Amino acid sequence: MRAVTIASQAGAGKLALIVTDPPEPDDGEVLVRVAASGVNRADLLQRAGNYPPPAGAPPWPGMEVSGTVIAAGHGVSSPRVGDEVVALLEGGGYAELAVVRAAQTLPVPDGVGLVDAAALPEAVCTAWTNLVDTARLRPRERVLVQGGSGGVGSVAVQLAKALGAFVVATAGGPERVARVRALGADVVVDHRADDVVAAVRDATGGRGADVVLDVLGGGGLADNVRALAPGGRLVVIGLQRGRRGELDLSALMAKRAVVTGSLLRSRTAQEKAAIVAAVREHVWPMVADGRVRPVVHARLPLADADDALGLLERGEAFGKVLLVP
Ligand SMILES: NC(=O)c1ccc[n+]([C@@H]2O[C@H](COP(=O)([O-])OP(=O)(O)OC[C@H]3O[C@@H](n4cnc5c(N)ncnc54)[C@H](OP(=O)(O)O)[C@@H]3O)[C@@H](O)[C@H]2O)c1
């Protein structure tokens with residue numbers, strides 16, 4: 001099969017198309033003929049040699065795919081050969097074939113094409129587990145989605161709305177602001193032009209956000225804490241503005257706030273299976289009835305994987321970029 005692998009692990013690695021042996025499904029796994037693979041920021045780190053895949057995963061990037069099951073290992077009753085699925089992988093999605101634990105697959109939701117469905121697993125599972133499992137978002141609470149224009153953020157905005165929250169989101173520039181508003185956000189703040197904390201306070205009657213879903217990390221920490229309401233929960237899922245920041249503990253104490261974070265990729269198989277099962281039960285109906293839609297910026301051939309990563313690197317993508325073998 002063809003796969004995209006990292007030609008150089010040192011410095012600015014480049015991706016190269018290779019021909020390699022197809023993987024075989026082990027017990028509890030299925031083999032998927034990939035229709036599309038979602039591109040993630042973690043793939044940029046992996047290409048640069050800074051984010052090795054977990055033990056046992058193929059060396060090539062790709063943490064999510066859509067496709068058709070063409071073989072199943074021992075002990076798999078579902079999905080079946082011939083089923084169209086999306087899947088959350090440990091790695092190895094940038095290929096024509098990929099193996100995945102059966103418990104990390106979901107059926108392609110009604111109303112979504114097989115290729116575009118690859119935009120869903122990583123973004124939906126990340127948004128769900130952080131907004132619901134970690135932040136305990138409740139209906140009518142106010143949520144700030146930092147990066148509502150991104151692959152994760154574009155889904156998080158729709159999911160938070162579908163869960164009954166009041167959604168404030170950020171995006172860079174008027175055009176992206178308008179597009180995030182069209183996804184259903186109640187208020188969208190242009191983080192390049194406006195004071196995000198002041199805008200959150202205005203939008204929430206001075207109270208602040210009960211939940212902040214953050215992709216900025218260290219450089220955004222101070223503002224995110226300032227944006228929190230009493231009892232607020234800040235969940236950091238990205239470090240686009242650095243891994244270190246200064247935390248004003250007195251503000252945390254005064255607000256009885258919580259700062260936490262999580263990584264999906266390094267969760268255990270059991271944890272991922274539980275997240276996938278919850279997504280199937282709670283989010284898939286929202287996808288089927290159109291409340292949560294995949295947002296696809298571009299579909300590129302597998303051979304253009306470097307160009308696909310470039311769209312993320314330069315901040316040009318709105319929503320997800322997909323690679324199609
Ligand atoms: N923890 C996890 O399990 C997990 C899972 C998936 C992804 N992630 C991480 O989550 C982050 C987002 O992923 P993604 O796939 O959504 O990436 P993406 O599609 O590249 O989106 C990046 C987002 O960050 C926003 N952004 C950049 N600088 C900003 C700033 N100064 N202020 C406000 N927003 C800013 C961008 O907004 P504009 O372009 O509109 O300015 C865009 O919405 C990445 O760091 C990724 O590694 C974490």
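What you see is a predicted model; the values in this text were computed from it and never measured.
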Checklist entry - Between Asp186 and Arg142, does a salt bridge (charged side-chain N to carboxylate O under 4.0 Å, His left out) hold up when you go through it step by step? => result CA-CA 10 Å; Asp186 296 285; Arg142 290 90 164 193; over 6 Å; no
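- Using a cutoff of 4.0 Å between basic side-chain nitrogens and carboxylate oxygens, Arg101 and Glu29 are not scored as salt-bridged.
- Connection of Val177 to Val168 is not established within any shared hydrophobic cluster, with ILVMFWY side chains joined at heavy-atom distances below 4.5 Å, either directly or through further cluster members.
- Val4 is not connected to Val19 by any chain of hydrophobic side-chain contacts under 4.5 Å among Ile, Leu, Val, Met, Phe, Trp and Tyr, and they are in different clusters.
- Considering every non-hydrogen atom in both Val108 and Val112, the closest pair reads CG1-O, 3.4 Å.
- Inter-residue side-chain proximity for Leu106 and Val279 is flagged as met; some heavy-atom pair is nearer than 4.5 Å.
- Partner of Asn40 under the side chain to side chain donor-acceptor pair (under 3.5 Å) criterion, chosen from Arg265, Glu64, Glu122: Glu64.
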Checklist entry - Stepwise, does the side-chain contact (heavy atoms from CB on, under 4.5 Å) test hold for Val145 with Thr170? => result CA-CA 7 Å; Val145 177; Thr170 60; over 6 Å; no
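- Pairing each heavy atom of Ala36 with each of Ala118, the nearest pair is O-CB, 3.4 Å.
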Item to check | Step-by-step side-chain contact (heavy atoms from CB on, under 4.5 Å) determination, Leu213 to Leu144 | outcome: CA-CA 6 Å; Leu213 184 70; Leu144 169 63; over 6 Å; no
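- Taking CD of Glu313 as the reference point, atom CG of Leu44 lies at 5.0 Å (rounded to 0.5 Å).
- Using modelled atom types, one side-chain atom of Thr204 and one backbone atom of Val200 make a donor-acceptor pair closer than 3.5 Å.
- With a 4.5 Å cut-off on side-chain heavy atoms, Thr260 and Val236 do not count as touching.
- A distance of 5.0 Å separates CG in Leu88 from CG in Leu264, rounded to the nearest 0.5 Å.
- In Arg33, the CZ atom is not crowded: 12 or fewer heavy atoms of neighbouring residues, nucleotides or ligands sit closer than 6.0 Å.
- The shortest non-hydrogen separation linking Ala42 to Met63 is CB-CE, 3.9 Å.
- The neighbour count for Asp307 CG, taken as heavy atoms of other residues, nucleotides or ligands under 6.0 Å away, is above 12.
- Remark: Arg80 CZ is loosely packed, at most 12 non-hydrogen atoms of other residues, nucleotides or ligands lying under 6.0 Å away.
- A single hydrophobic cluster is not seen to contain both Val259 and Val235; linkage of ILVMFWY side chains at heavy-atom distances under 4.5 Å, directly or through other members, places them apart.
- By the 4.5 Å heavy-atom criterion applied to side chains, Ile237 and Thr126 are counted as neighbours.
- A salt bridge links Asp289 with Arg291: at least one charged nitrogen is closer than 4.0 Å to a carboxylate oxygen.
- Between the side chain of Lys255 and the main chain of Val225, a donor-acceptor pair closer than 3.5 Å is present.
- What you find for Ala35 and Pro325 is that their closest heavy atoms are O-CD, 3.5 Å.
- Side-chain atoms of Val212 and Gln146, non-hydrogen and from C-beta on, do get closer than 4.5 Å to each other.
- Using modelled atom types and a 3.5 Å distance limit, the side chains of Asp43 and Tyr94 yield a donor-acceptor pair.
- For the pair Arg233 (side chain) and Ala135 (backbone), a donor-acceptor distance under 3.5 Å is present.
- By the 6.0 Å contact criterion, CD on Glu271 is enclosed, its count of non-hydrogen atoms from other residues, nucleotides or ligands being greater than 12.
- The heavy-atom pair separating Trp60 from Met1 by the smallest distance is CZ2-CE, 3.5 Å.
- Judged purely by atom type and a 3.5 angstrom limit, Thr20 has no side-chain atom pairing as donor or acceptor with the backbone of Arg2.
- Note on Val295: it clusters hydrophobically with Leu114, by side-chain heavy-atom contacts below 4.5 Å among ILVMFWY residues.
- Atom CG of Leu159 sits about 12.5 Å away from atom CG of Leu183, to the nearest 0.5 Å.
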Checklist entry - Where do Val99 and Asp26 land on the side-chain contact (heavy atoms from CB on, under 4.5 Å) test, with the steps shown first? => result CA-CA 8 Å; Val99 288; Asp26 217 332; over 6 Å; no
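- Taking 4.0 Å as the cut-off between side-chain N and carboxylate O, Lys272 and Glu90 count as a salt-bridged pair.
- Counting non-hydrogen atoms of neighbouring residues, nucleotides and ligands closer than 6.0 angstrom, the CZ atom of Arg244 reaches no more than 12 such neighbours.
- Between the Glu96 side chain and the Ala3 main chain, no donor and acceptor come within less than 3.5 Å of each other.
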Next on the checklist: Determine whether Leu31 and Val69 satisfy the following criterion, side-chain contact (heavy atoms from CB on, under 4.5 Å), listing intermediate values before the conclusion.
Outcome noted: CA-CA 6 Å; Leu31 179 64; Val69 175; over 6 Å; no
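- To the nearest 0.5 Å, the span separating OG on Ser262 from CG on Asn130 amounts to 3.5 Å.
- A salt bridge between Arg176 and Glu316 is absent, with no side-chain N of the basic residue lying under 4.0 Å from a carboxylate O of the acidic one.
- Atoms CG and NE2, from Leu300 and His297 in turn, are 8.5 Å apart once rounded to the nearest 0.5 Å.
- Closest of all the heavy-atom pairs between Val167 and Ala160 is CG2-CB, 3.6 Å.
- Side-chain contact between Leu163 and Val143 is absent, with no heavy atoms from C-beta onward closer than 4.5 Å.
- Note on Trp284: it does not cluster hydrophobically with Val65, by side-chain heavy-atom contacts below 4.5 Å among ILVMFWY residues.
- Salt bridge absent: Arg136 and Asp133 never bring a charged side-chain N and a carboxylate O closer than 4.0 Å.
- Taking the side chain as every heavy atom from C-beta outward, Pro174 and Asp190 approach each other to under 4.5 Å.
- A donor and an acceptor atom, one from each side chain of Thr68 and Asp83, are nowhere located under 3.5 Å apart.
- Note that CD1 of Ile275 and CZ of Arg280 are 16.0 Å apart. Values are rounded to the nearest 0.5 Å.
- Asp210 and Arg138 are not joined by a salt bridge, as no carboxylate oxygen comes within less than 4.0 angstrom of a charged side-chain nitrogen.
- Proximity of Lys14 to Asp306: side-chain heavy atoms (C-beta onward) are separated by under 4.5 Å at one or more points.
- A salt bridge is absent between Asp116 and Lys320; no separation between the charged side-chain nitrogens and carboxylate oxygens falls under 4.0 Å.
- No side-chain heavy atom of Leu234 sits under 4.5 Å from any side-chain heavy atom of Val258.
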